[in-house]
A.B. asks: 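This structure is in structure tokens; I'll ask about it shortly.
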Amino acid sequence: MKFAAVKADGQMDSSPERALLLAFGHPVVDQYLACRVRAAQIASIARLTPLTVLANIVNVVVVTPILAQVFPITYVFVWVALVMSLMALTTIKWFLSKRSPVELASQRALSAALRHATLLSALWAVVPVAAFASGNINGIWIASCVTTGMICGGGFALATVPQAAFRWVAILYCASVAALVIEQGVMMWPLLFLLTSYAFVVIGSTTAAGWLFASHFLAEAELEKHGDVIALLLNEFEETSSDWIWEADSSGNFRNVSDRFCHASGLGRSELEAMRMVDLAYTLDNDEARASVANLEKTVGIQKSFRELVIGLTVNGEDRWWSLAARPVYDDHGSFTGYRGVASDVTEARRASELASHLAEHDSLTGIGNRSWFLKQAETLLEEQTKTGQNTLTLFLIDLDNFKVVNDTSGHPAGDDLLKQVAARFTDISEGRTSLARFGGDEFAALGRFVSDQAASAFAEELVNVTRKPFRIGSRDFAIGSTVGFTRLRDNGDTVDDLMRKADIALYKAKESGRGRALAFESEMEREVRERRELEADLREAFEYGKLSVEFQPIIDARSGQVVSSEVLVRWFHPTRGEVTPDTFLPIAEHAGLILPLGNWVLRKACAAAAQCPDLESVAVNLSPVQFMDPNFVGQITSVLDETGFPPERLVLEITESVFLRDFGSASDKLQKLRNLGIKISLDDFGTGYSSLSYLRKYKFDKIKIDKSFVDEIGERSDGLAIISAVIALAHNLGLEVTAEGVERRFQVDALRTLGCDTLQGYFFGKPHANPMKITQVKIDAWNDSEAEAAQIEEPGTSVASNLKSGT
Ligand code: C2E
Ligand code: CA
Ligand code: CA
């Protein structure tokens, strides 16, 4: 705003009228400027003093003899004395003003000058009058020349003060007119005409000269004001902005060093004046700073202007960065005189942007690279390999094996701690060999050049091994391990995406084949994955077009031999592959995000069918861990129950241990909610997991299902029976019902009944069947005294009853 104010009142009106009025001494400008203009007017007349004095003396010498012929000598003497003393006074004044030039002049001073001019012209006016009056022809000649010369010379000498010039011309003109009238000669009219025209020319010229002088003065004053504004702004800029102006001479040394520059550089003025910008830039010694000095030196060397050229330097021992802009300066002859420009300290901005780019490229938890940085890195390396025709690039994808367990059992801070430790161990072994990144969660990746398959394989093994050693978190040790899939660049046609896909396939295969190992990609794997993808597409289509179905397998009460329940099993008959087992397509459904709608569909089918079979006490439905993890899971179940009107007490949900591995936090809560509704929970495949017994203690179930593998051991291993007996006893102690799965043979039935198993399921009683009504018709009459032989297990379940009967 300051700038605008200065401009407003500093705005000069340099219009012609204004200049003209100023020239004539009118107060059209402020007092100060008026004083300066007057001083300048007086000074410009005074400058001509030697010349005017000389001219006057010459004229006096020339006209005195003429005057002496006409006037008494005393008069002439008085006239000469007056003119000469006026000249003496003028000379003295001139000397004085030369010694101490005045910047400002009052109105009085100007008036004095006017009086001076008037007086002198009046003295010279005597000459023509006297000469013409005398009638002396020589005198008239001389006086005419002198007067004409005086009118012109004096008029021009006084041009900067038009008032003075006017008076001068007017007085001499009047005197000349008077002289012509007095003489009454024949040439009076032509001479009068000439005289008048000269007088007008001189008046016109002096007016123009006076106006020009004043205009110049006004313009100069305006410029000066602008200069003041600029200086003011520059000062303000120096004081308030973070930038500063710098100047250098032709040899590069700083000139006119400002306080701000001293402050920014931490150096004194004299120190800076002995330095060049490049000297400052050499004070910081790192790669980037060196590159910037080279750039500066090159630019300055060819005297080019530059902007946003960043240099590094040390200020009081600290690394700083300056951004420079400057242009070369040339003198009037066009020769280079140095540089003038602006500098600003951009250290903070640089730090902020460095931090931002660090954050954008690094994983905030572990400090190693992140996915996007890794991919960029991969692009660069791949490009380099393509150029040099190398094939050594190897990409590793690493997945931690039991990270979830740590996260779930010890909380997220422990999980974070573990990830940091893992990253540190990976960093240790990758140092100088690979670039390392965390992709998120427990996924890591490494990228490097490996000369042979063996070398790559050895590094992959190292990655696995380094995670095998226990990790100390808090007061506990965790063994986690990891799985690695990797691929080496085979042909140069591979893109980063191809490498990622291949390593991912290898990782997938490694996980599938039991984790805790490293596997290299093989082209065979790709075919499997393709097939899997095709299967996924087919499954999606089959589900959408209602090509899936369910079957029901009877579950028999061990005491009564009655069918009391049924397990519902999903079926898919593929048009070209034939029967695809649930063990094959369910993981695909889970992977493809199909399992939620699929599971819901099975549940709805099961409830609807069981509702039509009042003989079935309950119906058992299998649940995928993915369904169980769904936050809306309980709501989904209740809405299906509401829809079908199936009582929750008749529903059994079969879950496996993997549910607890994948969803730790809310599992207990969800189980309780389901049980509160009256739904029964059965722990499926009991004994196949790692900690079945501990889960029994931790969670509330209603049933367990002893896995087929234990039932198979009855009669095959000596301790087969003992294990089942112990499990049944334990379950009963906990108040749980026990079902034995995969019962295929008569002696298994007998043994399980003897051990007190509650319910039995298996081909012995019937294979899964599409019609639930058919399985409920199974009745085993001679259950108590039966000595039936093992059923022909290949037969469909509906024939079990007759098998049992005929087998006596
Ligand atoms: P599961 O829950 O252990 O189901 C029992 C499996 O054993 C069924 O195989 C069944 O046909 C088979 N089985 C029953 N009795 C005998 C027998 O005496 N001998 C032999 N060898 N096998 C017998 P299936 O139908 O192939 O199902 C395999 C697995 O797929 C099931 O194991 C279950 O975990 C899963 N599954 C099946 N249907 C569904 C479903 O609708 N949802 C979910 N989430 N999982 C399902
Ligand atoms: Ca089951
Ligand atoms: Ca099972």
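Everything numeric in this text was worked out from a predicted model, so none of it was measured. As the structure lists them, so they are numbered: ligands from 1, and atoms in each ligand from 1.
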A.B. asks: Glu744 near ligand 1, heavy-atom distance under 4.0 Å?
C.D. replies: yes
A.B. asks: Cation-pi check, Arg438 to Phe426: give yes when NZ or CZ is under 6.0 Å from the six-membered ring centre and within 45° of the ring axis, no otherwise.
C.D. replies: no
A.B. asks: Heavy atom to atom 36 (N) of ligand 1, shortest distance: which of Ile655, Val570, Ile595, Leu586 holds it?
C.D. replies: Leu586
A.B. asks: With a 4.0 Å heavy-atom cut-off (strictly under), which part of Asp685 contacts ligand 1: side chain, backbone, both or neither?
C.D. replies: side chain
A.B. asks: Side chains of Glu617 and Ser565: any donor to acceptor distance under 3.5 Å?
C.D. replies: no
A.B. asks: Please determine whether salt bridge (Lys or Arg N to Asp or Glu O under 4.0 Å) holds for the pair Arg540 and Glu536, giving the CA-CA distance in whole Å, both sets of side-chain angles, and the decisive distance to 0.1 Å.
C.D. replies: CA-CA 6 Å; Arg540 209 178 277 280; Glu536 185 183 310; 3.5 Å; yes
A.B. asks: Show me which atoms of ligand 1 lie under 4.0 Å from any heavy atom of Glu741.
C.D. replies: 3 (O), 5 (C)
A.B. asks: What residue and atom, counting heavy atoms only, is the protein's closest point to atom 37 (C) of ligand 1, and at what distance?
C.D. replies: Leu569 CD2, 3.5 Å
A.B. asks: Specify whether the nearest protein heavy atom to atom 7 (O) of ligand 1 is under 4.0 angstrom away.
C.D. replies: no
A.B. asks: Identify every side-chain donor-acceptor pair in residues 579-586 under 3.5 Å, counting partners at least two apart or on other chains, and give the distances.
C.D. replies:
residue : atom : partner : partner atom : Å
Thr581  : OG1  : Thr584  : N            : 3.4
Thr581  : OG1  : Thr584  : OG1          : 2.9

A.B. asks: Is the positively charged end of Lys511 above the ring of Tyr508, judged by distance under 6.0 angstrom from the centroid and angle within 45° of the axis?
C.D. replies: no
A.B. asks: Would you say Thr495 and Asp498 are linked by a side-chain donor-acceptor pair, where the criterion is simply a distance under 3.5 Å?
C.D. replies: yes
A.B. asks: Where's the contact between Lys767 and ligand 1, heavy-atom distance under 4.0 Å: side chain, backbone, both or neither?
C.D. replies: neither
A.B. asks: Just let me know how Glu567 lines up against ligand 1, side chain, backbone, both or neither, with a heavy-atom cut-off below 4.0 Å.
C.D. replies: side chain
A.B. asks: Below a 4.0 angstrom heavy-atom separation, can you tell me which part of Val602, side chain or backbone, both or neither, approaches ligand 1?
C.D. replies: side chain
A.B. asks: Under 4.0 Å from atom 43 (C) of ligand 1, do we find at least one protein heavy atom?
C.D. replies: yes
A.B. asks: Just to check, does Gly599 reach to within less than 4.0 Å of ligand 1 when the distance is taken from its heavy atoms?
C.D. replies: no
A.B. asks: Quick one about Asp712 and Ser709 (side-chain donor to acceptor, distance below 3.5 Å, no hydrogens or angles considered), yes or no?
C.D. replies: no
A.B. asks: Counting non-hydrogen protein atoms only, what is the nearest one to atom 34 (O) of ligand 1? Give residue, atom name and distance.
C.D. replies: Asn622 OD1, 4.4 Å
A.B. asks: What part of Lys705 sits under 4.0 Å from ligand 1 if we count only heavy atoms: the side chain, the backbone, both or neither?
C.D. replies: neither
A.B. asks: Quick check on contacts: which atoms of ligand 1 are under 4.0 angstrom from a heavy atom of Gly742?
C.D. replies: 16 (C), 17 (C), 18 (O)
A.B. asks: Taking side-chain hydrogen bond (donor to acceptor under 3.5 Å, both in side chains) as the definition, give me every residue that meets it alongside Glu544, ordered by chain and number, with sequence neighbours left out.
C.D. replies: none
A.B. asks: Can a cation-pi geometry be assigned to Lys670 and Phe628, taking NZ or CZ under 6.0 Å from the six-membered ring centre and within 45° of the ring axis?
C.D. replies: yes
A.B. asks: How far is atom 26 (O) of ligand 1 from the closest protein heavy atom, and which atom is that?
C.D. replies: Pro582 CD, 3.5 Å
A.B. asks: Would you tell me which option among Lys605, Gln748, Gln553 has the nearest heavy-atom contact to atom 14 (C) of ligand 1?
C.D. replies: Gln553
A.B. asks: Going by side-chain hydrogen bond (donor to acceptor under 3.5 Å, both in side chains), name the residues that satisfy it together with Asp685, two or more places apart in sequence or in a different chain.
C.D. replies: none
A.B. asks: Would you list the protein N, O or S atoms within less than 3.0 Å of the Ca ion (ligand 2), leaving out water?
C.D. replies: Glu567 OE2, Asn622 OD1, Glu654 OE1, Asp684 OD2
A.B. asks: Which is it for Arg571 and ligand 1 at heavy atoms under 4.0 Å: side chain, backbone, both or neither?
C.D. replies: side chain
A.B. asks: Taking side chain to side chain contact (heavy atoms under 4.5 Å, CB included) as the criterion, tell me which of Leu397, Ile368, Thr467 meets it with Phe444.
C.D. replies: Ile368
A.B. asks: State plainly whether the residues Lys502 and Asp494 are in salt-bridge range, i.e. N to O under 4.0 Å.
C.D. replies: yes
A.B. asks: Only heavy atoms of Val743, strictly under 4.0 Å: list the atoms of ligand 1 that pass.
C.D. replies: 18 (O)
A.B. asks: Return the minimal non-hydrogen interatomic distance between Pro625 and Glu590, and the atom names on each side.
C.D. replies: CD-OE2, 3.9 Å
A.B. asks: Look up atom 4 (O) of ligand 1 and tell me if a protein heavy atom lies less than 4.0 Å from it?
C.D. replies: yes
A.B. asks: Is it the case that the side chains of Asp557 and Gln562 hold a donor-acceptor pair, with the cut-off being a distance below 3.5 Å and no angle test?
C.D. replies: no
A.B. asks: I need the contact type for Asp684 against ligand 1. Using non-hydrogen atoms and a strict under-4.0 Å cut-off, is it side chain, backbone, both or neither?
C.D. replies: side chain
A.B. asks: Can you sort out which atoms of ligand 1 are near Leu623, meaning under 4.0 Å from one of its heavy atoms?
C.D. replies: 44 (N)
A.B. asks: Kindly indicate, with the supporting measurements, whether the criterion salt bridge (Lys or Arg N to Asp or Glu O under 4.0 Å) is fulfilled by Glu551 and Arg571.
C.D. replies: CA-CA 7 Å; Glu551 285 187 351; Arg571 294 290 176 257; 3.1 Å; yes
A.B. asks: May I ask you to identify the nearest protein heavy atom to atom 28 (C) of ligand 1, giving residue, atom name and distance to one decimal place in Å?
C.D. replies: Asp583 OD1, 3.6 Å
A.B. asks: What part of Val621 sits under 4.0 Å from ligand 1 if we count only heavy atoms: the side chain, the backbone, both or neither?
C.D. replies: neither
A.B. asks: Would you kindly say whether Thr739 and Asp758 are connected by a side-chain donor-acceptor distance under 3.5 Å?
C.D. replies: no
A.B. asks: Among all protein non-hydrogen atoms, which one is nearest to atom 18 (O) of ligand 1, and what is the separation to 0.1 Å?
C.D. replies: Tyr763 N, 2.7 Å
A.B. asks: Is the closest heavy-atom distance from Lys708 to ligand 1 below 4.0 Å?
C.D. replies: yes
A.B. asks: Taking only Lys NZ, Arg NE, NH1 and NH2, and the carboxylate oxygens of Asp or Glu, determine whether Glu522 and Lys509 approach each other closer than 4.0 Å.
C.D. replies: no
A.B. asks: Atoms of ligand 1 less than 4.0 Å from Pro768 heavy atoms?
C.D. replies: 11 (O)
A.B. asks: Can we say Lys705 and Glu567 salt-bridge, meaning some charged N sits less than 4.0 Å from an Asp/Glu carboxylate O?
C.D. replies: yes
